[in-house]
Amino acid sequence: ACLVAGAPDADAIEAATGVTIDERVWDGDTLRVGEASLEVIGLVGHTPGSVALAYSPDVDGPVQLFTGDSLFPGGPGKTTSPADFTSLMDDLEAKIFARFDDDTVVWPGHGAPTTLGAERGHLDEWRARGW
């Protein structure tokens with residue numbers, strides 16, 4: 001097994017857990033899982049090194065986006081300050097919503113999946129409420 005983490009979080013994970021991170025990845029990197037390639041997308045806010053992984057199938061079908069704790073049905077993941085919230089929202093808008101189509105399936109770190117189309121119309125509402 002290979003333990004992979006967002007580079008900005010890797011040292012903190014190692015210090016907190018005593019485990020070694022085998023591969024540090026960040027925005028624009030590619031992870032290979034078997035025959036599949038996953039694009040790494042850095043989303044700063046939930047933690048400094050949060051990442052999403054985008055799988056674009058070779059055949060017809062929507063992009064599958066694994067967002068961890070950065071995006072859920074109904075809003076972004078938990079942040080601990082207004083600056084972290086703004087950072088996460090900025091990254092979600094620029095790196096996720098501006099790039100991927102409405103049929104992109106979002107698989108959060110826990111809970112039910114959603115699509116970008118189901119969430120896109122709520123971006124202003126999320127910013128206004130601050131979470």
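Keep in mind that this is a model prediction, so the values were computed, not measured. One-based numbering along the sequence shown.
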Would a distance-only check, ignoring hydrogens and angles, find a side-chain to backbone donor-acceptor pair under 3.5 Å from Trp126 to Gly74?
-> yes
Minimum side-chain heavy-atom gap Asp9-Pro48 below 4.5 Å = yes
Looking at Pro108 and Val106, what are the two nearest heavy atoms and their distance?
-> CD-O, 3.3 Å
Please lay out, stage by stage, how Leu88 and Leu43 fare under the test side chain to side chain contact (heavy atoms under 4.5 Å, CB included).
-> CA-CA 6 Å; Leu88 180 54; Leu43 299 172; 4.1 Å; yes
Closest contact, heavy atoms only, Glu119 versus Pro73 = OE2-CA, 3.4 Å
CZ on Arg99 to NZ on Lys95, rounded to 0.5 Å = 9.5 Å
Does the Thr30 side chain pair with the main chain of Leu38, one donor and one acceptor, at a distance under 3.5 Å?
-> no
Starting at CG of Leu123, measure out to CG of Leu92 and round the result to the nearest 0.5 Å.
-> 8.0 Å
Roughly how far apart are Thr79 OG1 and Trp131 CH2, rounded to 0.5 Å?
-> 11.0 Å
Is Asp22 reaching over with its side chain to a backbone N or O of Val4, donor-acceptor style, under 3.5 angstrom?
-> no
At what distance, to the nearest 0.5 angstrom, does OG1 of Thr115 lie from CG of Leu65?
-> 11.5 Å
Flag, side chain of Asp29 to backbone of Trp26, donor-acceptor distance under 3.5 Å | yes
For atom CH2 of Trp107, is the number of surrounding heavy atoms from other residues, nucleotides or ligands below 6.0 Å larger than 12?
-> no
State whether the side chain of Thr86 and the backbone N or O of Pro82 hold a donor-acceptor pair below 3.5 Å, judged by distance alone.
-> yes
Pro113 to Val105 - nearest heavy-atom pair and separation = CB-CG1, 4.5 Å
More than 12 heavy atoms of other residues, nucleotides or ligands under 6.0 Å from NZ of Lys78: is that the case?
-> no
Phe72 versus Gly109, closest heavy-atom pair with distance = CE2-N, 4.4 Å
Sequence-distant partners of Glu14, side-chain contact (heavy atoms from CB on, under 4.5 Å), two or more places apart | Asp11, Thr20, Ile21, Arg24
Got a second to check how far Ile96's CD1 is from Met89's CE, nearest 0.5 Å?
-> 12.0 Å
Is it true that Val44 and Val51 fall in one hydrophobic cluster, defined by side-chain heavy atoms closer than 4.5 Å?
-> yes
Hey, does the side chain of Thr67 reach the backbone of Ser70 with a donor-acceptor pair shorter than 3.5 angstrom?
-> no
Hey, is the main chain of Phe100 close enough, under 3.5 Å, to the side chain of Thr104 for a donor-acceptor pair?
-> no
Heavy atoms only: give me the nearest Val63-Pro57 pair and the separation to one decimal.
-> CA-CD, 4.2 Å
Salt bridge present between Arg127 and Asp90 (N-O < 4.0 angstrom) = yes
Val25 versus Val40, closest heavy-atom pair with distance = CG2-CG1, 3.9 Å
From His46 NE2 over to Asp91 CG, what is the distance, rounded to the nearest 0.5 angstrom?
-> 14.0 Å
May I ask you to test the Leu31-Glu39 pair for a side-chain heavy-atom distance under 4.5 Å?
-> no
Are any of the side-chain nitrogens in Arg120 or Asp102 under 4.0 Å away from the carboxylate oxygens of its partner?
-> yes
Same cluster for Phe66 and Leu116 if Ile/Leu/Val/Met/Phe/Trp/Tyr side chains link at under 4.5 Å?
-> no
